[in-house]
Amino acid sequence: QVMLVESGGGLVQTGGSLRLSCVASGRTASMYAMGWFRQSPGKEREFVVSTSRNGGSYYAAFVEGRFTASRDNGKNAMYLQMNNLRPEDTAVYFCAARDREGVTGTVDTYDYWGQGTQVTVSS
């Protein structure tokens, strides 16, 4: 079992920045690809970025170069630097991990999920 804990959410103004962190514990040796997803009230969970164990990343189109994901395998951690935030980025952001390699934006392919951290961008 792998446990994921997110942190770093908060309230920022349009154009501001936040850095989210996700720390994994438990059977982390079985953890390969990791990803960030987000969910707004009344909407389905949405893919943001997926990262491989060797650091390769695959981003959703809406990111448009504003977000950067990174991993520190030694710390079992993944980060999401979010710049130039917009009100439409307001959501709960979830960290996810899967037991297989290969970046993917499909929710159902992830085996482990964190509880989420709220990001609110005011206009």
Side-chain angles (χ1 to χ4, degrees):
Q1 188 73 8
V2 173
M3 285 67 71
L4 303 172
V5 178
E6 305 96 334
S7 62
L11 171 65
V12 295
Q13 294 185 333
T14 295
S17 299
L18 283 173
R19 185 176 188 247
L20 305 183
S21 299
C22 172
V23 178
S25 61
R27 297 183 60 184
T28 56
S30 67
M31 188 177 70
Y32 288 89
M34 297 181 73
W36 287 101
F37 292 77
R38 67 185 189 182
Q39 190 167 19
S40 304
K43 295 186 177 181
E44 293 187 352
R45 196 160 294 190
E46 178 182 38
F47 167 69
V48 179
V49 60
S50 179
T51 66
S52 66
R53 210 167 192 175
N54 64 12
S57 298
Y58 162 56
Y59 292 89
F62 71 80
V63 169
E64 297 178 340
R66 300 179 298 128
F67 300 175
T68 303
S70 59
R71 287 181 66 166
D72 185 335
N73 293 326
K75 295 182 178 180
N76 294 317
M78 177 178 63
Y79 308 98
L80 184 63
Q81 177 66 44
M82 302 189 295
N83 299 325
N84 193 21
L85 284 162
R86 306 164 180 167
E88 53 265 38
D89 294 318
T90 295
V92 177
Y93 283 71
F94 295 91
C95 173
R98 57 192 237 131
D99 290 340
R100 294 144 287 171
E101 193 53 291
V103 293
T104 171
T106 304
V107 171
D108 293 344
T109 63
Y110 286 82
D111 303 294
Y112 310 105
W113 291 87
Q115 294 299 307
T117 184
Q118 176 71 47
V119 171
T120 303
V121 185
S122 63
S123 57

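Remember, it's a predicted structure, so these values are computed and weren't measured experimentally.
Looking at every heavy atom in both residues, Tyr110 comes nearest to Gly35 through CE2-N, 3.8 Å. Across all non-hydrogen atoms, the minimal contact from Ala91 to Ser40 is CB-OG, 3.6 Å. Contact between Glu64 and Arg86 at its shortest, heavy atoms only, is OE1-NH2, 2.8 Å. In terms of heavy atoms, Val103 sits closest to Ser50 at CA-OG, 3.2 Å. Residues Leu4 and Ala24 come closest through the heavy atom pair CD2-CB, 3.6 Å.
No donor-acceptor contact under 3.5 angstrom links the side chains of Arg100 and Tyr32, judged on distance only.
Here the straight-line distance linking atom CG of Asn54 with atom CG of Asn73 works out to 9.0 Å at 0.5 Å rounding. To the nearest 0.5 Å, the span separating CD on Gln1 from OG on Ser25 amounts to 9.5 Å. Interatomic distance, Leu80 CG to Thr68 OG1, rounded to the nearest 0.5 Å: 8.0 Å. To the nearest 0.5 Å, the span separating CG on Leu20 from CD on Gln81 amounts to 9.0 Å. To the nearest 0.5 angstrom, Phe67 atom CZ is 9.5 Å from Ser17 atom OG. Taken from CD in Gln13 to OG in Ser123, the straight-line distance is 9.5 Å, to the nearest 0.5 Å.
Within 6.0 Å of atom CD in Gln118, more than 12 heavy atoms from other residues, nucleotides or ligands are found, so the atom counts as buried in its surroundings.
Judged by distance alone, with hydrogens and angles left aside, the side-chain atoms of Thr120 form no donor-acceptor pair with the main-chain N or O of Leu11 at under 3.5 Å. Panel note: side chain Glu46, backbone Arg38; no donor-acceptor pair is recorded below 3.5 Å. Although no hydrogens or angles enter the test, the distance criterion places a donor-acceptor pair under 3.5 Å between the side chain of Arg71 and the main chain of Thr51. Counting only distance, with no hydrogens or angles, the side chain of Glu6 and the backbone of Thr117 share no donor-acceptor pair below 3.5 Å. Under the 3.5 Å distance criterion, the side-chain polar atoms of Arg19 are left unmatched by any main-chain donor or acceptor of Gly8.
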Would you check, one step at a time, whether the test side chain to side chain contact (heavy atoms under 4.5 Å, CB included) holds for Tyr79 with Cys22? CA-CA 6 Å; Tyr79 308 98; Cys22 172; over 6 Å; no

Intermediate values then yes/no, side chain to side chain contact (heavy atoms under 4.5 Å, CB included), Phe94 and Gln39: CA-CA 8 Å; Phe94 295 91; Gln39 190 167 19; 4.0 Å; yes

Side chain to side chain contact (heavy atoms under 4.5 Å, CB included) between Tyr112 and Asp99: does it pass, once the steps are laid out? CA-CA 9 Å; Tyr112 310 105; Asp99 290 340; 3.0 Å; yes

Taking it one step at a time, do Arg66 and Asp89 satisfy side chain to side chain contact (heavy atoms under 4.5 Å, CB included)? CA-CA 11 Å; Arg66 300 179 298 128; Asp89 294 318; 2.7 Å; yes

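The ring-ring contact (aromatic ring centres under 6.0 Å, His included) check on Phe62 picks up nothing, with sequence neighbours excluded.
Cluster annotation: Tyr58 and Met82 are assigned to distinct hydrophobic clusters (Ile/Leu/Val/Met/Phe/Trp/Tyr, side-chain heavy-atom contacts under 4.5 Å, transitive). No single ILVMFWY cluster, assembled from side-chain heavy atoms under 4.5 Å apart, contains both Val119 and Phe37. Hydrophobic clustering (ILVMFWY, side-chain heavy atoms < 4.5 Å, transitive): Trp113 and Val92 are in one cluster.
Between Val5 and Met3 the shortest side-chain heavy-atom distance does not fall below 4.5 Å. In this structure, the side chains of Leu85 and Leu18 come closer than 4.5 Å at one or more pairs of heavy atoms.
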